[in-house]
Asker: 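Before anything else, here's the structure in question.
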Amino acid sequence: MFQPVSPQLDLVALEETVLDRWRSDDVFARSLTLREGQPEWVFYEGPPTANGKPGVHHVWARLFKDIYPRFHTMRGKHVIRKGGWDCHGLPVEVQVEKELGFSGKPQIIEYGIAEFNARCRSSVQRHVEDWQALTSRIGMWLDTDGAYWTLSNEFVETVWWLFSEMWKNGDIYEGFKVVPYCGRCGTALSSHELAQPGAYQDVTEPSVYVRFPVIDRDFDLVVWTTTPWTLPANVAAAVGPEIEYVRVRDPLGGRDLVLGRDRAQAVLGDDIIIVGTINAADLGGLRYERPFDFVEIDATANIIIVADFVTVEDGSGIVHLAPAFGEIDREVCEPYGLPVLNPVDENAHFTDVLPTQYRGRFVKDTDADLISALEQSQRIVRVQQYTHSYPHCWRCDRPLIYWAKPTWFARTSEHRDDLLRENETINWFPGHIKHGRFGNWLEGNVDWALSRDRFWGSPIPIWRCNDCGHDECIASVAALSERAGRELTDLDLHRPYVDEIRIPCSQCSGTARRVEPVLDAWFDSGSMPAAQLHYPFENVEQFNSHFPADFICEAIDQTRGWFYSLLAVNTLVFGKTPYRNVVCLAHIVDQDGKKMSKTKGNIIDPWSILNTRGAEALRWYMFSSGSPWTPKRVFEDAIDETSNRFLRTLWNTYSFFVTYAALDGFTPSNHAEPSTHVLDQWIRSRTHRTLDTVTGALESFDALAGAQALDTLIDDLSNWYVRRSRPRFWKASDRAAHQTMHECLTLIATMLAPFCPFISDEIDKNLNNDGISVHLRDWPAVDQTAINDALESEMAIARQLTTLGRSARANAKIGVRQPLRKAIALLARDVVLRDEVQREIEIELNVKAIEAVENLDGLLSYRIVPNFKVLGPKLGKLLPEVKAALAEVDGADVRATHSQGKAFALRIGDQDFEFGPDDLEVRAEQHGELALVQDGGYAVALDLELNDELRAEGFARELVRHINDKRKHLDYAISDRITLRLEVGEAAVAPATLHLEYITTEVLATSAIVVPITNETIEGETSTMVAGHQIHAVIALA
RNA sequence: GGGGCUGUAGCUCAGUCGGUUAGAGCGCGUCCCUGAUAAGGACGAGGUCGAUGGUUCGAUUCCAUUCAGCCCCA
């Protein structure tokens, strides 16, 4: 017996009940043990950074990380879902710095690295709790108890091992490179950190055109820079080999100015006087006086170099080179043996090499002072505000500088071909990422800057000898213990504790200590396939059977983040991709398509939706509304709309079923023969076809297609099957109907389970009360014998015909309670509707008969249109002519010819054509009269002529409705029996009496009489008009 | 400057391996139903599928250019 169900759907309450049940029955764990020994379907959790509360965009990714594992579990796979938390890195440090009110590394060191890192650790733990709560509430099944934490010693030890493997292969080196550098955070940023949203911002700042007086010549170069602060580090100027340079009179009477011809007017104005031209080659090798003499430099520097990269797109066509502050500068200067002048410290402040007014200041803040110094020395040609996109620190938002600093690298660029090869084997969803955003990124791969001069991270496991400088890479705690000569099993593998471990140098008598930096946190997350299992120190078998992943899923910003670090670490170490399928979601935006941000105040807190609408509403919205590859607008009205439409319709339908199944005492049978009723056959066909579609969709990571198929099915079920079948439930107690609907609802709940795990579990539990959660069921097999193409297409036609019929009734202003003698339906050629289908149309349209005809000559005309798909390839260029000729043909002739099984012959121009039935389409056209409506090949005409019999029947139906309405007002129960006395006007006595038996049955009367109406009224009741007759229905409980 | 995505009804979005009649929901208008009822449903209006050019018998769909928005890179 089914539990009664409220027609009102309270998702939040329902979800809490289901969550409790999952908890007490341990359903998630059981869904795993159930599949033990079955094939693995491997999922990797991309660890969220635990440095803040999760937002609605995180929910999106988490839901997609949930649906496919749920689906594959039901498909019989063993899908372990180990959670993970990304614990290290600058975001966490910045968070803690904020809490402590710090603004840089010196304060941290003063505070103590041990204490600082302890705070980082507890900050992570705090936020992980938020994440766990949300993960559970949205119905995401993830093993958070067994989650990997990148801060754990085991995890770090594997990271060391992976790093050491690269080291062994020669893929790790320490280089000197110009990197985007944040002085505040005291660290370089990797290129994928630069890829974080908000890193590039448009800024307007002064750019300067500076005079570089050429030595032993009588002219000055005009050199352009957008970073005046780099001028003290200038060592060279570059000119382009193909660029023509001109010599221009200085309007202020100084020495002549030299710059690119194409830029002369833009820089100096239209009135310039050009007094000569100079080749780049003639400039090359000349020396000049540099703008500032603060930094010592040998006499061979400050030369003009000819270099290809110089352009005349902007600037002056002459480029200032400061190798310490530009990667191109460094590359160009290196072959000339030019020095790297670096008067900037690790805080991005000028060092003491500069005069007092500059030293100790953030370099970018000295631009104005440097410019005025140049003005005083009459070196400025022009200052111009310049707007360009400039990189900022993605966490502290301060402008970065390009700065030469020692950095550890992984030689990813040497493995570019491997990375590209492996990428070819990955299925990207959407597909364009593969060769687009991600493929392009791999093509342009540069070595991965791995080191961070910070505190809270996996320490780089390299020990360097103080004396000889020899580096040794440590691959494990055991190795470190052995080299240090003491047991270090309990050592916290973080700074400052690892820093204190010294080992003897293997090459000399010196002592080695760990190099200072920690690893990029992306290296941690990229290490997770092995590190989550502490491979190779443990779980070797398990790792082997869980690599690579079948499925990972993150938002698109991870192309250069986790998607890359995973591929890079694992390709370099294991030689192959760690994932086969990757679902790549777009971003969440607000109602207006704007990015959500705290400053705009348009953030949606997931909890506010979960607490008011429920997780299921959010889930269904995320899956069913719009493609996951396009930015998704999230706002409450949209969620309500979607969930009302689908979830509430489903619930209503379910509640309807349970209500009548309970009334009828229906219990489902496992051995019931499929019903032969046409509606039952039809909805079974629809359901199994949908199952087929949903299965295929989820197999190919297309949740949207699956959701749409389910959406259509629910509409079919509610608006056609239930609508048409209602009397079979409440009047006929039709077992076959109950059985069919039970089967369909069960199938729907089952295939909905991965999408909406709460409501589906609840429905399934009530429908099949066998103590087994829907999530422990096998994904159902499609019953191919249930799928009936012919029936589905007939029913589709039937529904189209009823639409036309309703439209015709509406046009004629005839209500549907009034029966009509017949409807004439024009069907497309070859369409035959079986009697039962026809009968459904008759009842729905309330007509006594449907007359299917092949022509409605006289009522409408036909237009003959080529079947373009067939005739196009056959006729080619002749088609437009044929189309025109066919438009002139009498459609009735064509129909007649074809119905005789002959081809329709036509002479067009001087050519003879024959058109078979497949070559042409016959379209009904024009309204012949009021009650006829046509659409394409179909038309319905209603016979509007009424006789007394039809009128009487219509009247009876009106009476039934009136009486039932009254029952409801009196709050009678559906099954209450009544006595009925009908007082009706003189003219209505006969019609009412004629159908009294029908009326009696319909209103559940035990007795009924018809009497002429009197003027008396019964207390509280008055007579009313029904179908033009005055009536007074007196009812009472029997 | 380069790469990628998006542009379809007032709004949110599907769809079209090229076929001449482009769909849904919401909203709007007009109604219906009253045994799913503090529910449900129908019908209707509304679109030159961002623009231009090309390929084709035929383009919203393919190609090129272009405009706008978003994302990424430099």
Side-chain angles (χ1 to χ4, degrees), chain A residues 5 7-8 191 194-197 199-200 311 313-314 388-389 391 430 432-433 435-441 443-444 556-557 559-560 586-587 589 591 593-595 621 624-627 629-633 635 637-638 640-642 644-646 648-649 651-660 663 704-705 707-708 711-712 715 718-719 722-723 726-727 729-731 802-811 813 815-817 865-883 921 923 933 935-937 960-962 964-965 967-968 972-975 1002-1004:
Chain A
V5 174
Q8 296 306 305
S191 44
L194 271 188
Q196 292 302 312
Y200 277 86
T311 70
E313 277 169 13
D314 46 20
H388 59 139
S389 181
H432 61 78
I433 306 274
H435 296 124
R437 193 175 283 226
F438 196 68
N440 289 339
W441 160 256
E443 294 276 358
I556 192 164
D557 50 287
T559 36
R560 286 125 206 263
H587 286 290
V589 293
Q591 185 160 11
K594 296 276 188 327
K595 203 153 64 174
Y621 177 68
S624 71
S625 163
S627 150
W629 335 125
T630 52
K632 180 170 302 293
R633 299 177 188 217
F635 50 102
D637 284 350
D640 288 344
E641 182 189 315
T642 319
N644 281 351
R645 179 179 147 64
F646 178 78
R648 223 171 58 197
T649 305
W651 191 260
N652 273 332
T653 311
Y654 158 68
S655 142
F656 169 87
F657 167 76
V658 169
T659 303
Y660 290 103
L663 279 178
L704 176 62
Q708 286 173 335
D711 196 76
T712 307
D715 187 66
S718 170
N719 289 333
V722 170
R723 177 187 171 84
R726 272 184 296 213
F729 288 92
W730 52 260
K731 190 157 40 177
T802 56
T803 293
L804 292 172
R806 283 186 200 117
S807 188
R809 265 191 187 270
N811 285 344
K813 298 194 195 309
V816 290
R817 280 191 222 99
V865 179
N867 183 344
F868 291 96
K869 210 161 187 171
V870 174
L871 287 184
K874 277 193 213 170
L875 299 180
K877 283 181 200 288
L878 294 169
L879 195 52
E881 204 186 333
V882 170
K883 179 187 175 186
E921 251 178 68
R923 289 184 188 158
V933 174
D935 176 37
V960 167
R961 195 232 122 177
H962 173 74
N964 278 336
D965 204 32
R967 284 180 58 116
K968 210 173 99 191
Y972 290 180
I974 282 170
S975 50
E1002 290 296 306
V1003 303
L1004 294 185

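In what follows, every chain begins at residue 1, and chains take the letters A, B, ... in the order their sequences are listed.
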Asker: Could you state the CZ-P distance from A:R633 to B:C71, rounded to the nearest angstrom?
Answerer: 12 Å
Asker: Using atom CD1 of A:I556 as one end and atom C1' of B:C70 as the other, report the distance to the nearest whole Å.
Answerer: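 Answer to the nearest Å: 11 Å.
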Asker: Taking the side chain of A:V816 as heavy atoms from C-beta outward, which of B:C32, B:C57, B:G3 is closest to it?
Answerer: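 When the side chain of A:V816 is considered, B:C32 is the closest of B:C32, B:C57, B:G3.
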Asker: Using atom P in both nucleotides, what's the gap between B:A45 and B:U30 to the nearest angstrom?
Answerer: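 Their P atoms lie roughly 15 Å apart.
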Asker: Can you tell which of B:U6, B:G25, B:G19 lies closest to the side chain of A:T630?
Answerer: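 Nucleotide nearest to A:T630's side chain: B:U6.
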Asker: Would you measure the distance from the C1' atom in B:G47 across to the matching atom in B:U34 and give it in whole Å?
Answerer: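 Comparing C1' positions in B:G47 and B:U34 gives a spacing of 36 Å.
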Asker: Is the base of B:U20 touched by the side chain of A:K883 through a donor-acceptor pair closer than 3.5 angstrom?
Answerer: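 Looking at the base of B:U20, it does pair with a donor or acceptor on the side chain of A:K883 (distance under 3.5 Å).
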Asker: Looking at B:A59, which nucleotide sits across from it as a Watson-Crick or G-U wobble partner, both distances under 3.5 angstrom, or is there none?
Answerer: none
Asker: In whole angstroms, how far is the P atom of B:C5 from the NZ atom of A:K632?
Answerer: 19 Å
Asker: For B:C43 and A:T803 - does any side-chain N or O of the residue sit under 4.0 Å from the phosphate oxygens OP1/OP2?
Answerer: yes
Asker: Round to the nearest Å and state the distance from A:R961 atom CZ to B:U34 atom P.
Answerer: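 These atoms are roughly 6 Å apart.
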Asker: Taking B:G1 as the reference, what is the distance to B:G58 when you measure between their C1' atoms (whole Å, please)?
Answerer: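 About 39 Å, rounded to a whole number of Å.
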Asker: Looking across every strand, which nucleic acid part, if any, lies under 4.0 Å from A:E1002 by heavy atom: base, sugar-phosphate, or nothing?
Answerer: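 The answer is base, as A:E1002 lies within the cut-off (heavy atoms under 4.0 Å) of a base atom.
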Asker: Using the C1' atom as the point on both nucleotides, what is the distance between B:U8 and B:A59, in whole Å?
Answerer: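 Those two atoms are separated by 15 Å.
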Asker: Using a 4.5 Å cut-off on heavy atoms from C-beta on, say whether the side chain of A:Y660 contacts that of A:R726.
Answerer: no
Asker: Choosing from B:A14, B:G4, B:A36, which nucleotide comes nearest the side chain of A:R437?
Answerer: B:G4
Asker: Considering only heavy atoms and no angle criterion, is a donor-acceptor pair shorter than 3.5 Å present between the side chain of A:S718 and the base of B:A36?
Answerer: yes
Asker: Give the nucleotide from the list B:C43, B:G40, B:A14 with an atom nearest to the side chain of A:S627.
Answerer: B:A14
Asker: Taking the same atom, C1', in B:C62 and in B:G19, what whole-Å distance lies between them?
Answerer: 14 Å
Asker: Between B:G41, B:G25, B:A39, spot the one nearest the side chain of A:R723, thanks.
Answerer: B:G41
Asker: Tell me whether the side-chain N/O atoms of A:K594 come closer than 4.0 Å to OP1 or OP2 in B:C70.
Answerer: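 A:K594 to B:C70 OP1/OP2: no side-chain N or O under 4.0 Å.
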Asker: Side chain of A:V722 only, heavy atoms from C-beta on: which candidate in B:A36, B:A14, B:C57 is closest?
Answerer: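 Comparing B:A36, B:A14, B:C57 against the side chain of A:V722, the answer is B:A36.
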Asker: Mind calculating the distance between OH (A:Y621) and P (B:U12) to the nearest angstrom?
Answerer: 10 Å
Asker: Taking atom C1' in both B:G69 and B:G50, compute the distance separating them and give it to the nearest angstrom.
Answerer: 11 Å
Asker: Among B:A36, B:C33, B:G40, which nucleotide has an atom closest to any side-chain atom of A:R817?
Answerer: B:C33
Asker: Heavy atoms from C-beta onward define the side chain here; which of B:G4, B:U37, B:A14 lies closest to that of A:H432?
Answerer: B:G4
Asker: Closest to the A:N719 side chain: B:C5, B:G19, B:G41?
Answerer: B:G41
Asker: Expressed as a whole number of Å, how far does the P atom of B:C70 sit from that of B:C31?
Answerer: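 Looking at atom P only, B:C70 and B:C31 are 44 Å apart.
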Asker: Ignoring hydrogens and angles, does a donor from either the side chain of A:R645 or the base of B:C26 sit under 3.5 Å from an acceptor on the other?
Answerer: no
